[in-house]
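Note sheet for the following structure.
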Amino acid sequence: MAEVYQRAQAELTTALATIYTCPVATSAVVIGMRFTNIDGSSSVNVEAKVGASGTTKYVLAPSTPLPVGSSLSGLSGDKLIMEAGEILEAKASANGDADIMLSVLEIS
């Protein structure tokens, strides 16, 4: 059984975008998810969802406010288990105002 640490990151837009996809024949443990407000003058709301591609996604962070100059953990000490083919998507209320970074342990 192989274990590989991965990092996924993106600048968020107003459209839900896939940030991470769990590979085929692999399980993944998301051990960290951090949102950061990178805009110097405006607060922004961020949202994250997880689920299989093409099906209903389940909300991890529902329109969560992120004040100017702040960051927050989207998991708050919890871990998220993902199965093969599942995706984690995220967006922000304004283009280019927030980043997301994931730390993932893939097990295959």
Side-chain angles (χ1 to χ4, degrees):
M1 187 176 297
E3 295 182 355
V4 177
Y5 287 96
Q6 299 287 345
R7 184 181 69 217
Q9 57 202 22
E11 185 174 293
L12 299 177
T13 66
T14 57
L16 272 174
T18 298
I19 308 303
Y20 174 77
T21 302
C22 186
V24 174
T26 302
S27 295
V29 181
V30 179
I31 54 179
M33 180 170 65
R34 172 126 340 246
F35 293 100
T36 303
N37 184 327
I38 58 173
D39 182 75
S41 60
S42 299
S43 64
V44 65
N45 291 343
V46 293
E47 181 177 316
K49 296 181 176 189
V50 68
S53 181
T55 66
T56 300
K57 305 298 182 296
Y58 298 93
V59 177
L60 297 172
S63 193
T64 304
L66 194 56
V68 173
S70 68
S71 65
L72 68 90
S73 171
L75 295 176
S76 301
D78 297 327
K79 293 170 183 57
L80 173 67
I81 307 301
M82 295 179 67
E83 297 177 359
E86 287 188 321
I87 60 174
L88 189 144
E89 300 174 316
K91 70 177 185 173
S93 59
N95 289 328
D97 281 5
D99 282 348
I100 185 172
M101 185 175 291
L102 303 176
S103 297
V104 180
L105 174 60
E106 294 179 344
I107 304 164
S108 57

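The chain is numbered in sequence order, starting from 1. Here the structure is a predicted model, which means the values were calculated and not measured.
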Closest non-hydrogen atom pair between [X] and [Y], with its separation:
X   : Y    : value
D97 : S42  : OD2-CB, 4.4 Å
R34 : S71  : NH1-OG, 3.3 Å
T26 : S108 : OG1-CB, 3.6 Å
Y20 : A28  : OH-CB, 3.5 Å
S41 : V68  : C-CG2, 3.5 Å
L75 : V30  : CD1-O, 3.5 Å

Is there a donor-acceptor pair closer than 3.5 Å between any side-chain N or O of [X] and the backbone N or O of [Y]?
X    : Y   : answer
N37  : S70 : no
S103 : G32 : no
N95  : T13 : no
D39  : G96 : no

remark   = Across all chains, not counting sequence neighbours, the side chain to side chain contact (heavy atoms under 4.5 Å, CB included) partners of S43 are none

request  = Have a look at L60 and tell me which of K49, E47, M33, E89 forms a side chain to side chain contact (heavy atoms under 4.5 Å, CB included) with it.
outcome  =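 Single side chain to side chain contact (heavy atoms under 4.5 Å, CB included) partner of L60 among K49, E47, M33, E89: M33.
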
task = Apply the side chain to side chain contact (heavy atoms under 4.5 Å, CB included) test between F35 and each candidate in N45, V44, D99, L12; give the one that qualifies.
result = L12

ILVMFWY clustering at 4.5 Å (side-chain atoms), partners of I107 = M1, Y5, V29, I31, I81, L105

same_hphob_cluster([X], [Y]) at 4.5 Å side-chain heavy-atom cutoff:
X    : Y    : result
L72  : L80  : yes
I87  : L102 : no
I100 : V104 : yes

query = When rounded to the nearest 0.5 angstrom, what is the spacing between OG in S27 and CE in M82?
reply = 10.5 Å

